[in-house]
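Just below is one structure, and these are the notes that go with it.
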Amino acid sequence: MKYINNNGEVYEKDYDIQIERHTASHILAQAIKRLYPNAKLAIGPAIDTGFYYDFDDLNIKQEDLQNVEDEMKKIIKENLKIESYSLPKKEALELMKNEPYKREIINDLPDTEKISFFKQGEYIDLCVGPHMLYTKSIKAVKLLSITGAYWKGSQNNKMLQRIYGTAFENKEALEEFLIKKEEAKLRDHNKLGRELEIFTTNDLIGQGLPIMLPNGAKILQILQRFVEDTEARQGWQLTKTPFMAKSDLYKLSGHWDHYKEDMFVLGDEKKDEEVFALRPMTCPFQYQVYLNRGRSYRDLPMRLNETSTLFRNESSGEMHGLIRVRQFTISEGHLMCTPDQLEEEFKGCLKLAIYMLKTLGLYEDVSYRFSKWDPEDKQKYIGTKEQWDEAQGVMEGILNHLGLDYKVGVGEAAFYGPKLDIQIKNVHGKEDTLITIQIDQMLAEKFGMEYIDKDGTKKRPYIIHRTSLGCYERTLALLIEKYAGAFPLWLAPIQIKILPISDNELLYANEIKAKLENEGFRVKVDSSDEKIGYKIREAQLEKLPFMIVLGAKEKEENTISVRSRQAEKQDQIKLNDFILNLNNIINEQIGKDI
RNA sequence: GCUGGGAUAGCUCAGUUGGUAGAGCAGCGGUCUUGUAAACCGCAGGUCGUCAGUUCGAAUCCGACUCUCAGCUCCA
């Protein structure tokens, strides 16, 4: 494959999908310029799933995309040769005199810089390249959607019109991508979760406030018991702190100055003597547990956990199914320790998180992000540069010592400290934080937390702020998508459905149900008068782990016919053998050691 | 919060240039008592997201709001 770089040099290299996509974005811009000459060019990079190009003074609709795509295919067919050349800044500005966004980019470049351009036919774009050598090198291209996007990614700037598209090496690869995209939609928790009656929402209750239906509430209960029991075995002590507090608490913690926009405040500061706010984080509440009396080094490490319901007044456009909500519950915890305990305890928190991920089956799907502050953003963060350097330095040391493969996210830290975020992508490819482990010194200082050390002097403890399985609602959403609703046995809200072939077996069915429930299993009997084939199909749609078919034969022989959701047909066995089998499966699923 | 779609029965969706709402599935009642992908008959179910407007007349046209989807921004 031939490419051209911004020195005008042509070179040979293996097929590079990112270069193809970047070239496709130029062809998109060329097509837009031909069809809508008044449109202004912003930027058009390649991304993970394809490419986009941002335009101003363009107002097209979804229906117009096909037309644009047809024009792109025409340009590809014309097989224009792509050339590159450089200009001094002054001439570059002159060349782009009708492109305000390009001029802004050029103006931001140093004066000494030679500015490179790529040209294909009548179309010229400011670009560092490289590109494919001919437009015909684009083998499969498709425009996908059209949305708004802020210029330079800042909401203070104008919103431009962004066109998303994708390109592949051949038509088959494009086709496969589109099919996968459609399949992903079927796993979408926001659709599947409603279909499987896990949750719903309601106009009267409001945005970002999902209602957990019996199936969803059951899964959350199972998860919560699992988390609390596991944490207890790891030396965590459960606390229960209030859902709200006076504004005084938040003023001390810094939330009032740095987080009030995102809080639900009860009352009016101007009129009321006392104003309350629902808690957006548990830290300042749980710190009061530590502060309940003086602490000695003998009390450390002190591990406090809480199944903690939080309230955040997210902007209206942010809410999404169970992934982004206004009220949610997290497996939160705060760990107070001495400096020389810090690394070991941090490791313990990470180990616990990884154990949770492995048990849930999500371990292979996560990535790690070291979230630092942005020194430029004075509004967002409390503390001094020295404090941040220290906290980040400590965390970086630990992360590197653990040999963790992580990316750095600048400006992603909490307002009070750096974080190790464990990230996961949903079915649409959008990444969110599932679990977070943070080192917090600023709030410890604000609340005056200390301990008496061996030498009798007062010292400030290090505090690790962490979640073990993260936000329950978000985790549930990811689990729905991971398993496409077919939950592992230990998590399934209904584990077994009993299908009597006729009403003659109803009594026997209820007998089996009672015995299974007595063993702690979650069972449902299908007492409808449908035919057995229909009942099986229904049970399959519910994605339950097991079904039991009971007819005259089973009743006669005092057996059951069991079928797992993967199996083609059922096996006739004794109930006790089935119970043994179920327990084995569950032990396998949650019995792993930390 | 911003840009652009959308909201009709529990669900999936029809509904023509404005004339007063329909199907399939689910539900309920009955018949059938069934051995592996949808038995048969019947019934019921809607303030067409909400509110205000234009009109003799609005699911349909205009406006505001609510909710929802995709993306941006923000974030667990």
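In what follows, chains carry the letters A, B, and so on, assigned in the order in which the sequence lines appear, proteins first and then strands, with residues in each chain numbered from 1.
Under the 6.0 Å distance and 45° angle rule, A:R21 counts as a cation-pi partner of A:F168. Judged by the 6.0 Å distance and 45° axis criteria, A:K358 is positioned over the aromatic ring of A:Y363. The cationic atom of A:R326 (NZ for Lys, CZ for Arg) does not lie both less than 6.0 Å from the six-membered ring centre of A:F311 and within 45° of the ring axis.
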Expected rows: protein N/O vs nucleotides 65-70 of chain B N/O, under 3.5 Å:
from	atom 1	to	atom 2	distance (Å)
B:rC67	O2'	A:D203	OD1	2.7
B:rU68	OP2	A:Q207	NE2	3.0
B:rC69	OP1	A:N190	ND2	2.3
B:rA70	OP2	A:H320	ND1	3.4

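Taking the C1' atoms as reference points, B:rU47 lies 48 Å from B:rG35, given to the whole Å. As rounded to the nearest Å, B:rU73 and B:rA14 have P atoms that lie 33 Å from one another. Comparing the C1' positions of B:rU31 and B:rC48 gives an interatomic distance of 36 Å, to the nearest angstrom. For the C1' atoms, the distance from B:rA52 to B:rC41 is 47 Å, rounded to whole Å. Nucleotides B:rG49 and B:rG10 are separated by 13 Å at their P atoms, to the nearest Å. A distance of about 8 Å separates the C1' atoms of B:rA21 and B:rU8, rounded to the whole Å. Annotation: B:rU54 and B:rA64 have their C1' atoms spaced 15 Å apart (nearest Å).
Here A:K240 does not pair with A:E306 in a salt bridge; the nearest charged N to carboxylate O distance is not below 4.0 Å. Ionic pairing of A:D421 and A:R369 is present here: one or more N-O contacts between side-chain nitrogen and carboxylate oxygen are shorter than 4.0 angstrom. Note on A:E99 versus A:K33: salt bridge recorded, some NZ/NE/NH1/NH2 to OD/OE distance being below 4.0 Å. Remark: A:E231 engages A:R466 in a salt bridge, criterion side-chain N to carboxylate O under 4.0 Å. In summary, A:R162 and A:D54 engage in a salt bridge, as defined by a charged side-chain N under 4.0 Å from a carboxylate O. Under the 4.0 Å criterion applied to side-chain N and carboxylate O atoms, A:E104 and A:K152 are assigned as salt-bridge partners. Taking a cutoff of 4.0 Å between a charged side-chain nitrogen and a carboxylate oxygen, A:E542 and A:K524 qualify as a salt bridge.
Within 4.0 Å (heavy atoms only), A:E554 reaches at least one base atom of the nucleic acid. Residue contacts shown for A:K158 are absent, as no nucleic acid heavy atom lies under 4.0 Å away. In this structure, A:D503 reaches the bases: a heavy-atom distance under 4.0 Å links it to at least one base atom across the strands shown. Across all strands shown, A:I330 has no heavy atoms under 4.0 Å from either base or sugar-phosphate atoms. Across all strands, A:K61 comes closer than 4.0 Å only to sugar-phosphate atoms, never to a base (heavy-atom distances). Note on A:R563: a base of the nucleic acid sits closer than 4.0 angstrom, heavy atoms only.
If you measure from atom CG of A:N313 to atom P of B:rA76, you get 15 Å, rounded to the nearest angstrom. The CG-C1' distance, from A:D526 to B:rG27, rounds to 15 Å in whole Å. The interatomic distance linking A:K181 (NZ) with B:rG71 (C1') rounds to 11 Å, in whole Å. Between the C1' atom of B:rA38 and the CD1 atom of A:I536 lies a distance of 13 Å, rounded to the nearest Å. Taking atom CG of A:D432 as the reference point, atom P of B:rA76 lies 10 Å away to the nearest angstrom. When rounded to the nearest whole Å, the span between CD of A:E431 and P of B:rC72 equals 12 Å. To the nearest angstrom, C1' of B:rA37 lies 12 Å from CD of A:E568. With rounding to whole Å, A:E530 atom CD is found 12 Å from B:rG27 atom C1'.
Contact of A:Y150 with B:rG71 (side chain to base): no donor-acceptor pair of N or O atoms is detected under 3.5 Å. Donor-acceptor pairing under 3.5 Å, judged by distance alone, is absent between the side chain of A:D262 and the base of B:rC74. If you check distances only, the side chain of A:E314 does reach the base of B:rA76 with a donor-acceptor pair under 3.5 Å. A:E318 contributes a side-chain N or O that forms a donor-acceptor pair with the base of B:rU73 under 3.5 Å.
A ring-ring contact (aromatic ring centres under 6.0 Å, His included) with A:H258 is found for exactly one of A:F415, A:Y416, A:Y250, namely A:F415.
In this structure, of B:rC74, B:rC2, B:rU33, it is B:rC74 that holds the atom nearest to the side chain of A:R324. Comparing B:rG35, B:rU73, B:rC72 by their closest approach to the side chain of A:Q155 singles out B:rU73. Among the nucleotides B:rU33, B:rG71, B:rC32, the one closest to the side chain of A:M159 is B:rG71. When the nucleotides B:rU73, B:rA39, B:rA37 are ranked by their closest atom to the side chain of A:K430, B:rU73 comes out on top.
Side chains of A:T559 and A:Q572: a donor on one and an acceptor on the other come within 3.5 Å.
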Base-pair map of RNA chain B as dot-bracket, where | denotes pairing with a different strand and pairs are Watson-Crick or G-U under 3.5 Å: (((((((..((((.....[..)))).(((((.......))))).....(((.(..]....).))))))))))....

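Along RNA chain B, the nucleotide nearest to A:K380 and the one nearest to A:Y164 differ in position, and the one closer to the 5' end is contacted by A:Y164. Comparing A:E195 and A:Y534 by the nucleotide of RNA chain B whose heavy atom lies nearest to each, the residue mapping closer to the 5' end is A:E195.
Residue-nucleotide stacking is present for A:F328 and B:rA76, judged by a side-chain ring centre under 5.5 Å from the six-membered base ring centre and planes under 30° apart.
OP1 or OP2 of B:rA76 lies within a sub-4.0 Å distance of a side-chain N or O belonging to A:K419.
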